[in-house]
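If you're wondering where the values come from, they're calculated on a predicted model, not measured in any experiment.
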Amino acid sequence: MEKYDHKSIEKKWQTAWEQAGMYVADENSTKPKKYVLDMFPYPSGDGLHLGHVENYTATCIYSRYLRMKGFNVMHPIGWDAFGLPAENYAIKTGTHPDVSTHQNIKNFTAQMKSLGVSSDWTREIDTSSPEYYRWTQWFFLLLYKNGLAYKKKAKVNWCESCKTVLANEQAENGVCERCKNEVIQKDLEQWFFKITDYADDLIDDLSSVDWPSSTIAAQRNWIGRSEGVEFNMSVVGTSESIAVYTTRIDTVFGMTYVVLAPEHPLVQKLSSSIKNTAEVNAYIDVTKKKTELERTELAKEKTGVKLEGVEAINPFTKQPVPVFIGDYVLGNYGTGAVMAVPAHDERDFEFAKKYNLPIVQVIEPVLTQMTGSAKFREDEPVQQSHGVIVIIKHWSEDKYLGLRWPTAGWGTFLTGGIDEGFTPEQTALKEIHEETGYKKAVIVRNLGVIHSKYYHEPKKLNRFGHAPTFYVELQNGEQDEVSAEETSKHEAVWLTRGELDTFLTAESHQQALKLLDATLYTDSGILTCSSEFDGLTSEEAREKMAVWLEKEGLGAKKVNYRLRDWLVSRQRYWGAPIPIIYCDDCGEVAVPEENLPVLLPTDVDFRPTGESPLKYSKTFNDVVCPKCSKPARREADTMDTFVCSSWYYFRFADPHNAKEFASRETIEKWLPVDMYMGGAEHTVLHLMYARFFTKVLKKLGYINFDEPFAKLRHQGMILAEDGRKMSKSLGNVINPNTIIEEFGADTLRLHEMFLGPLEDMKAWNSTTIVGPRRFLERVWKLTEKVSADGDEKATDASLHKTIKKVGDDIEKFGFNTAISSLMILVNDLEKAEKISRNTFETLLILLAPFAPHLTEELWHEIGNTESVHLAQWPIYDASKCVESETTVAIQVNGKLRDTMVVTTGTSDDEIIRLGLDLPNIQKWVLGKEIKKTIVVKGKLLSIVVGE
RNA sequence: GCGCGGGUGGUGAAAUGGUAGACACGCCUGCCUUAGGAGCAGGUGCCGUAAAGGCAUGGAGGUUCAAGUCCUCUCCCGCGCACCA
């Protein structure tokens with residue numbers, strides 16, 4: 001037998017498989033189907049990287065396994081071929097995107113084939129081909145006709161010096177990628193898809209998919225459903241009113257001003273009332289020029305201008321509050337206006353401090369002790385209690401008085417119960433004197449009431465404490481004697497602010513300390529200064545206040561979403577043209593379906609001019625109106641490439657259909673996708689949009705399911721060997737080609753799968769790759785041991801354990817452990833003199849999904865004529881795994897003291913007897929009372945002895 | 001800040017509550033040789049010369065005969081979102 005030469009065998013079998021059409025999904029099969037899909041690649045000029053290899057190897061293993069298990073597998077491949085890089089490349093080199101893209105596809109195809117992927121190439125699709133984008137355009141029209149595509153003005157990134165629209169990724173950090181000039185926002189008429197109509201479905205249906213929890217969370221997060229209240233505030237002296245949205249209506253009595261987004265339409269409507277118009281307009285001008293980035297990340301500092309002469313009425317207090325415009329309020333969320341409650345909202349607090357606006361507390365904090373011995377005990381009775389918390393400052397040093405309670409292990413400020421007939425203030429001063437002896441104390445600030453739920457260890461009960469809290473300064477150190485009773489309970493210590501942080505054990509006292517700095521509390525609590533709502537919890541108040549607003553006809557509960565409608569217009573060449581025509585008489589006219597596709601013209605200067613390049617194509621732009629036949633012009637923008645990738649998984653079911661995007665029959669046969677695999681990095685939007693398309697199709701009756709991807713998994717990123725991301729600029733990129741050349745595709749596949757758990761981020765390692773290579777060499781050598789008189793029984797247990805483990809692991813994508821179990825099997829087989837043909841064949845089948853070429857070669861080497869990949873997956877036989885002897889571990893008081901080998905089936909009593917007899921065990925149990933023995937079948941004996 | 005993941009040998013990593021470190025890389029010792037990116041045999045968590053034993057899964061508690069795994073708290077790291085009222 002010859003040496004293992006990956007080069008000759010890999011090419012040979014790749015060609016053979018292709019000629020045999022081995023991986024073509026069978027439309028007529030009666031076997032159950034499985035649709036295994038990769039997130040289809042963008043054919044970049046850099047070619048395949050190791051992340052692609054990881055992705056495609058994983059789904060290839062899975063597909064091969066499923067085929068052997070008797071499924072009719074569809075595992076297609078295609079190209080997400082439109083996009084900006086090809087256009088940029090064209091701008092730089094003059095190569096037409098169509099040319100470079102197809103060159104890249106050729107390159108990708110060759111690389112993928114050299115990996116031995118088992119894709120069905122007969123279904124290959126290319127989103128930049130007219131046969132494909134014809135249906136992308138059809139989808140646009142479908143949405144348009146159903147009121148789900150509409151046009152409105154929207155901001156684009158605009159570079160004044162290049163006179164061009166920039167994609168978001170070209171406008172990083174607010175400067176133009178090319179000329180480094182400032183990017184500004186410019187309004188253009190653009191197309192949107194109404195994805196917000198489906199916001200609730202997009203959240204609700206997440207419960208039906210088997211996806212990673214982080215990805216589900218990301219979808220939820222992106223949609224950002226928020227439940228609150230919208231209500232109107234009338235503007236004094238006008239007939240206008242301001243609608244505000246809030247999730248914290250319980251804080252409404254603490255509203256001290258209102259803020260509108262600078263672009264809010266009311267600002268113009270109220271212009272006659274505004275006294276400082278010049279200042280206001282100047283501010284609006286400034287914010288208009290600001291990019292999205294400056295308004296958010298770069299500009300953390302909040303700014304705003306008061307609308308002098310404008311006041312709005314708080315419907316609850318009937319009192320007027322001033323109105324501001326400020327760019328921390330977003331124009332496109334909620335109503336574009338907020339009620340500001342600085343005492344209970346961080347952003348309002350910041351703004352109020354900067355502009356010196358009043359801060360009114362209306363929520364008293366409620367703290368529940370969650371840790372330590374004072375942890376609140378949910379199921380035990382609760383006693384109400386009233387007492388003060390007093391923060392006492394030293395008369396000369398920057399220190400505060402703390403009480404250390406030795407028996408309870410507490411650290412607190414000074415506290416004391418309020419007795420009948422005493423005010424909280426009186427109580428505070430009285431307690432200071434009684435407990436510390438200090439005589440000259442002055443209450444400087446009242447910090448309000450702090451509520452707390454905790455367990456009172458000395459009294460052995462739960463308490464719900466209500467504590468008026470004071471900040472007191474001592475005038476001097478004059479001090480009377482303190483009673484022995486007080487000093488025995490606790491010890492007084494002077495502490496700095498830093499020391500207090502760790503000293504205070506009670507949550508409520510920590511909160512008191514926080515209130516000393518800032519009267520800001522953003523959690524739920526108990527209402528105060530809120531007239532008839534006083535004493536309610538935040539939760540109760542939200543309900544009651546919403547009801548009240550509704551009754552008064554001023555407002556109602558409202559749900560808002562962060563999700564915005566999907567802007568699909570791109571002022572670019574290399575994309576699918578939007579199939580709309582503008583006629584002076586008929587206006588906006590949809591291109592009739594029979595006229596699709598609207599072809600991308602070739603007579604185009606695709607360099608960016610500032611407008612869509614299509615505008616300057618003679619053959620494209622001028623057209624006759626489909627309705628009235630008068631001269632008209634085409635929409636010159638193209639579609640976001642996310643549109644192309646929102647429906648491609650349907651096309652794979654029926655890739656050559658010229659009449660429909662896919663026939664109902666083929667969709668029903670293949671969809672939904674059973675396993676979808678791709679990187680986690682940029683999938684939030686893709687998944688959102690694809691799910692939106694699916695939901696639209698369902699609603700319009702084209703399909704009968706809600707979610708396109710039943711199961712989703714992500715492969716973790718492959719980092720460079722140095723632990724950093726692979727990048728050309730760092731020069732740490734590994735090209736899969738060189739690895740395949742050197743070690744072979746089988747070794748590369750095995751190595752990447754063995755590197756660690758699929759979903760983890762992993763660093764490439766060029767040293768350890770010899771492990772998988774050696775493993776394959778050993779399998780190769782094993783062939784020499786195959787013999788007619790090989791002893792099957794000797795290795796059956798090992799073999800069948802492996803059958804089970806490999807199958808189970810592939811199903812849960814645990815490829816690293818599947819490979820290790822194959823290594824264990826090979827280690828076992830190497831110990832045998834001779835191996836039966838049956839055993840070896842089973843090994844080859846188990847290994848075939850991972851190392852398709854080598855196993856195919858050896859499969860034929862031992863005399864088979866069919867492909868190993870058409871073989872049946874072996875059936876696990878549990879009875880063959882029963883070994884004659886098992887090792888039992890023996891623990892004494894939980895510690896391992898010895899092991900013993902017993903014949904399988906030994907009774908528990910016998911195991912206990914044998915175990916106790918062992919000298920190593922006798923040593924530990926002799927002369928002690930045996931309290932308990934526990935036997936875990938075939939594994940372990942646990943003996944519990946007394947002292 | 002919010003939401004997700006993670007912390008286990010020299011390294012990548014394994015472990016339905018049941019002998020922690022499978023498997024692999026590396027390293028050490030020896031063998032063999034047509035000196036290779038070889039192959040074979042043995043060893044390799046830490047402390048302890050060895051044995052006995054002890055200590056070990058970021059840290060602290062808890063539940064249990066038994067905890068990497070379950071519970072509570074805490075520290076650290078990575079990722080995603082982030083002025084969404």
Problem set entry | C1'-based separation of B:A50 from B:G43 [nearest Å] | 16 Å
Problem set entry | Glycosidic class, syn or anti, of B:G30 using a 90° window around 0 | anti
Exercise. How do A:Arg248 and A:Thr899 order along RNA chain B: which one's closest nucleotide is nearer the 5' end?
Worked result: A:Thr899
Problem set entry | A:Glu777/A:Lys3 salt bridge by N-O under 4.0 Å criterion | no
Exercise. When we call it a touch if two heavy atoms are under 4.0 Å apart, what does A:Phe349 touch: a base, just sugar-phosphate, or nothing?
Worked result: nothing
For this session: Find the partner of B:C70: check Watson-Crick (N1-N3 plus N6-O4 or O6-N4) and G-U wobble (N1-O2, O6-N3) distances, both under 3.5 Å, and reply none if neither fits.
Result: B:G62
Exercise. Just checking A:Ser821: base, sugar-phosphate only, or nothing, at a heavy-atom cut-off of under 4.0 Å?
Worked result: nothing
Exercise. Can you check the A:Lys831 NZ to B:C40 C1' distance for me, whole Å?
Worked result: 14 Å
For this session: For B:C4, give its Watson-Crick or G-U wobble partner with both distances under 3.5 Å, or none.
Result: B:G78
For this session: Identify the nucleotide, in any strand shown, that forms a Watson-Crick or G-U wobble pair with B:A56, with both distances under 3.5 Å; if there is none, say none.
Result: none
Exercise. Can you tell me how far P of B:C40 sits from CG of A:Leu782, to the nearest Å?
Worked result: 12 Å
For this session: May I ask you to evaluate whether A:Arg774 reaches the phosphate of B:G26, defined as a side-chain N or O under 4.0 Å from OP1 or OP2?
Result: yes
Exercise. Got a donor-acceptor contact below 3.5 angstrom from the A:Thr906 side chain to the A:Ile911 backbone?
Worked result: no
Exercise. Under 3.5 Å, is there a donor-acceptor pair linking the side chains of A:Asp828 and A:Thr795?
Worked result: no
Exercise. On a whole-Å scale, what distance lies between the P atoms belonging to B:U8 and B:C4?
Worked result: 22 Å
Problem set entry | Residue A:Ile934, side-chain atoms from C-beta onward, closest of B:G26, B:C40, B:C65 | B:C65
Exercise. For A:Asn732 and A:Arg724, does a side-chain donor sit closer than 3.5 Å to a side-chain acceptor?
Worked result: no
Exercise. Taking the P atom of each, how far is B:C28 from B:G62, in whole Å?
Worked result: 45 Å
Exercise. Does the base of B:G18 carry an N or O that pairs as donor and acceptor with the side chain of A:Gln891 under 3.5 Å?
Worked result: yes
Exercise. Over how many whole Å does the gap from A:Glu350 atom CD to B:A85 atom C1' extend?
Worked result: 14 Å
For this session: Establish, for the pair A:Lys804 and A:Tyr876, whether the NZ or CZ atom is under 6.0 angstrom from the six-membered ring centre and no further than 45 degrees off its axis.
Result: yes
For this session: Once you apply the 3.5 Å cut-off to both distances, tell me the Watson-Crick or G-U wobble partner of B:U19, or none.
Result: none
For this session: Check whether the side chains of A:Asn221 and A:Arg562 place a donor and an acceptor atom closer than 3.5 Å, and report yes or no.
Result: no
Problem set entry | Partner nucleotide, any strand, of B:A13 [Watson-Crick/G-U, under 3.5 Å] | none
For this session: Provide the Watson-Crick or G-U wobble partner of B:U33, both distances under 3.5 Å; none if there is no partner.
Result: none
Exercise. Quantified in whole Å, what is the P atom distance between nucleotide B:A14 and nucleotide B:G7?
Worked result: 9 Å
Problem set entry | 5' priority, RNA chain B, between A:Val770 and A:Tyr333 [closest heavy atom] | A:Val770
Exercise. Over how many whole Å does the gap from A:Asp348 atom CG to B:C83 atom P extend?
Worked result: 15 Å
Problem set entry | Nearest-nucleotide pick for A:Met823, side chain only, options being B:C65, B:A82, B:A24 | B:A24
Problem set entry | Phosphate OP1/OP2 of B:C65: any A:Lys932 side-chain N/O under 4.0 Å | yes
For this session: Check for a donor-acceptor pair, side chain of A:Thr747 on one end and backbone N or O of A:Phe743 on the other, with a separation under 3.5 Å.
Result: yes
Exercise. When you compare B:C65 with B:A60, how far apart are their P atoms, in angstrom units rounded to a whole number?
Worked result: 23 Å
For this session: Describe the nucleic acid contact of A:Glu777 in one word from base, sugar-phosphate, nothing, applying a heavy-atom distance below 4.0 Å.
Result: nothing
For this session: Using only side-chain N and O atoms of A:Lys895, determine if any of them is under 4.0 Å from OP1 or OP2 of B:G53.
Result: no
Exercise. Is any side-chain N or O of A:Lys939 closer than 4.0 Å to OP1 or OP2 of B:U16?
Worked result: no
Exercise. Distance between the C1' atoms of B:C40 and B:A56, in whole angstroms?
Worked result: 34 Å
Problem set entry | Euclidean distance for P, B:U44 against B:A24 (whole angstrom) | 15 Å
Seminar exercise, completed: Mate of B:U44 across any strand shown (Watson-Crick or G-U wobble, both atom pairs under 3.5 Å) is B:G26
Exercise. Which letter, B, S or -, goes with each nucleotide of nucleotides 2-15 of chain B from 5' to 3', with contact meaning a protein heavy atom under 4.0 Å?
Worked result: -SSS------BSSS
Seminar exercise, completed: note: A:Lys801, atom NZ; B:A22, atom P; distance rounded to Å ~ 16 Å
Exercise. Okay, side chain of A:Gln510, backbone of A:Leu504: is any donor-acceptor separation there less than 3.5 Å?
Worked result: yes
Exercise. Looking across every strand, which nucleic acid part, if any, lies under 4.0 Å from A:Val944 by heavy atom: base, sugar-phosphate, or nothing?
Worked result: sugar-phosphate
Seminar exercise, completed: Separation of B:G21 atom P from A:Ile824 atom CD1, nearest Å, is 13 Å
Exercise. Can you tell me if A:Tyr355 uses its side chain to pair, donor with acceptor, with the backbone of A:Gly304 under 3.5 Å?
Worked result: yes
Problem set entry | Proximity to the side chain of A:Lys923 - top-ranked nucleotide from B:A24, B:G53, B:A85 | B:G53
Exercise. Expressed in angstrom and rounded to an integer, what is the separation of A:Leu896 atom CG from B:A67 atom P?
Worked result: 13 Å
Exercise. Which part of the nucleic acid, if any, lies within contact of A:Arg897, taking any heavy atom under 4.0 Å across all strands shown: a base, the sugar-phosphate backbone alone, or nothing?
Worked result: sugar-phosphate
For this session: For the residue pair A:Thr251 and A:Arg542, confirm or rule out a side-chain donor-acceptor distance under 3.5 Å.
Result: no
Exercise. For the residue pair A:Tyr245 and A:Tyr333, does the interplanar ring angle fall in the parallel (under 30°), tilted (30 to 60°) or perpendicular (over 60°) class?
Worked result: perpendicular
Exercise. Taking CD from A:Glu346 and C1' from B:A85, how many angstroms apart are they, rounded to a whole number?
Worked result: 12 Å
For this session: For B:G5 and B:A85, measure between their P atoms and round to the nearest Å.
Result: 23 Å
